[in-house]
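Comments concern the structure below.
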Amino acid sequence: MFSEFALHERLLKAVAELNFVEPTPVQAAAIPLALQGRDLRVTAQTGSGKTAAFVLPILNRLIGPAKIRVSIKTLILLPTRELAQQTLKEVERFSQFTFIKAGLITGGEDFKVQAAMLRKVPDILIGTPGRMIEQLNAGNLDLKEVEVLVLDEADRMLDMGFADDVQRLVDECPNRQQTMLFSATTGGSGLREMVAKVLKNPEHLQLNAVSQLNETTRQQIITADHNQHKEQIVNWLLANETYSKAIVFTNTRAMADRIYGRLVAQEYKAFVLHGEKDQKDRKLAIDRLKQGGVKILVATDVAARGLDVEGLDLVINFDMPRSGDEYVHRIGRTGRAGNDGLAISLICHGDWNLMSSIERYLKQSFERRTIKEVKGTYAGPKKVKASGKAAGTKKKKTDAKGDKKKVAAKAPNKRKTTNRPKADAPSLVSKDGMAPLKRRKPAAPAAE
Ligand code: AMP
């Protein structure tokens, strides 16, 4: 129960108003420590309730009578605008019975309007590193009196190339008394370095991935012969599954556009989100999805970051995500707060080993599902190793019993499916997103 936390009654009133009854695991673990002023390193995914886990203790610290604000007391940095906007909303909802004011600084918004907001000095400043630095350079931002610093989705900020900006902003807060760093994954050496530099004797709370996968979400795989076959399966699922909102994940922009085009042609109300869409498109897509006018979103991982849409109960992985953490991130969008969700991954020959390594990582076995109306010929490898990966896929062995012929006959099909375009590399696929084009030089991952 939230009332067991030593939170101010006005915050408990807001919590009750929002119908939060039971704290989520990350809230139960982080709130008491954050209230004590401890530095925290928390590994927890979006959707776990981590925002409230840091926002409530921050508000508790700031709560008091109405007064003239003279300095920014809390800085919350996040990787994307949407995440920043959602965090602002969460702060406003929890602080509705207090005098605490929060402000937002993100790219894509009017610079001068932001500068005017900064002159009024919010208690809590929320934003993305790039625009924060611009405001800092323009002399509009003073962070010297910041007491609490939050780096949310720190792993994403590093992935997106914000390491230097984040470090500079951290250095601008020399008087901070508490720092909390949240990441969806345990991260690599960059994150470890940041943790060592930024946190003082932190408590590490690990509530990520495996333990946080929503138990109410069923996870299934459906095997497919090739991308066109996957499209048929997607069509069947969208037409026959019971869902209120669905998201279809692809690894490339080209494929996202292709699927979106197909859906629109069938008069589905859908939206597509990927790195080439501008802020207006993204906001419109998310608003429509939230309002329920649009039921289907086709998205790449980066575009879907920070997305928090209620009632999203069907996730289709057209392409398998590239890591277990990414999988958890995608699936974490459904089955939230105890609602049932369904996650379906479409698996071609070339996806099998990735799928099985994700199963191993999650220590789970996905339910194998067949839909007779759209059943193909591929049904998984004939033989699997103990690891679950396909046996004997490395090299086509010349088998004394003439199996070579069989393998050779399958080869064209196999090539089609194993040549999946690399992550975010639309330049490697033809316009229809199917036939791989000749690789000219290694494609740099498109920044999304
Ligand atoms: P977050 O992981 O912070 O993005 O939160 C995901 C969603 O869960 C948000 O819409 C929150 O408002 C909601 N949420 C967070 N904590 C709780 C809770 N204890 N009870 C119900 N809903 C919650």
Side-chain angles (χ1 to χ4, degrees), residues 1-5 7 11-32 34-35 40 42-60 74 76-96 102 104 124 126 128 150-157 180-185 205-209 211-217 244-245 247 286-287 289-292 301 304-313 315 325-326 328-341:
M1 297 286 280
F2 276 91
S3 53
E4 283 161 28
F5 296 130
L7 288 169
L11 298 179
L12 290 175
K13 190 174 162 195
V15 166
E17 185 113 329
L18 294 171
N19 293 324
F20 282 24
V21 181
E22 280 300 321
T24 64
V26 67
Q27 291 160 359
I31 291 176
L35 284 171
L40 296 182
V42 184
T43 316
Q45 69 186 99
T46 308
S48 60
K50 67 185 167 59
T51 315
F54 62 79
V55 168
L56 285 169
I58 287 170
L59 294 174
N60 201 68
T74 296
I76 302 173
L77 293 178
L78 310 104
T80 68
R81 295 166 201 165
E82 283 105 32
L83 209 47
Q85 284 160 351
Q86 283 168 16
T87 304
L88 174 70
K89 236 184 228 161
E90 200 93 331
V91 168
E92 287 174 344
R93 295 198 303 169
F94 286 127
S95 62
Q96 59 182 306
L104 189 69
I124 302 175
I126 302 162
T128 48
V150 176
L151 305 178
D152 193 10
E153 305 237 347
D155 49 349
R156 296 286 195 204
M157 288 201 277
M180 294 181 266
L181 182 147
F182 289 76
S183 63
T185 63
L205 304 175
Q206 205 152 358
L207 293 129
N208 68 328
S211 62
Q212 283 293 288
L213 257 188
N214 294 305
E215 282 167 15
T216 47
T217 299
S244 59
K245 284 168 201 167
I247 184 162
I286 291 167
D287 286 350
L289 199 67
K290 283 190 173 163
Q291 289 153 6
D301 290 293
R305 272 172 199 170
L307 199 70
D308 177 24
V309 177
E310 243 173 71
L312 200 60
D313 45 6
V315 173
D325 280 334
E326 203 70 77
V328 172
H329 230 76
R330 289 185 182 183
I331 303 315
R333 291 172 200 289
T334 182
R336 288 193 181 181
N339 295 322
D340 287 344

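For ligands, and for the atoms within them, numbers begin at 1 and follow the listed sequence.
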Within a strict 4.5 Å, meaning less than it, do heavy atoms of the Q27 and L56 side chains meet? no

* Asked: Quick one: does Q86's side chain get under 4.5 Å of T51's, heavy atoms only?
  -> no

| said: Using a 3.5 Å cut-off on N or O atoms only, is P23 in polar contact with ligand 1? | reply: no

T51 heavy atoms within 4.0 Å reach ligand 1 at atoms 1 (P), 3 (O), 4 (O)

Looking only at N/O atoms, are N19 and ligand 1 under 3.5 Å apart anywhere? no

**Message:** For the backbone of L289 and the side chain of K245, can you confirm whether one donor and one acceptor N or O come within less than 3.5 Å of each other?
**Reply:** yes

One finds that the ligand 1 atoms under 4.0 Å from a non-hydrogen atom of E22 are 18 (C), 19 (N), 20 (N)

Checking heavy atoms under 4.0 Å, the part of E90 that sits near ligand 1 is side chain

Logged contact type for K89 with ligand 1, heavy-atom cut-off 4.0 Å, is neither

Taking only non-hydrogen atoms of S48 and a 4.0 Å limit, the atoms of ligand 1 in range are 2 (O)

Among F20, F2, F54, closest by heavy atom to atom 17 (C) of ligand 1 is F20

If we number the atoms of ligand 1 from 1 as shown, the ones under 4.0 Å from a heavy atom of R93 are 12 (O)

Practice problem: May I ask you to decide if A154's main-chain N or O and S183's side chain share a donor-acceptor pair within less than 3.5 Å? | Solution: no

Is there a side-chain contact between L11 and F2, using heavy atoms and a 4.5 Å cut-off? no

What's the verdict on salt bridge (Lys or Arg N to Asp or Glu O under 4.0 Å) for E90 and R93, showing C-alpha distance, side-chain angles and the deciding distance? CA-CA 5 Å; E90 200 93 331; R93 295 198 303 169; 2.9 Å; yes

Exercise for review: Look at the side chain of D152 and the backbone N and O of L78, then say whether any donor-acceptor pair between them is shorter than 3.5 Å.
Suggested key: no

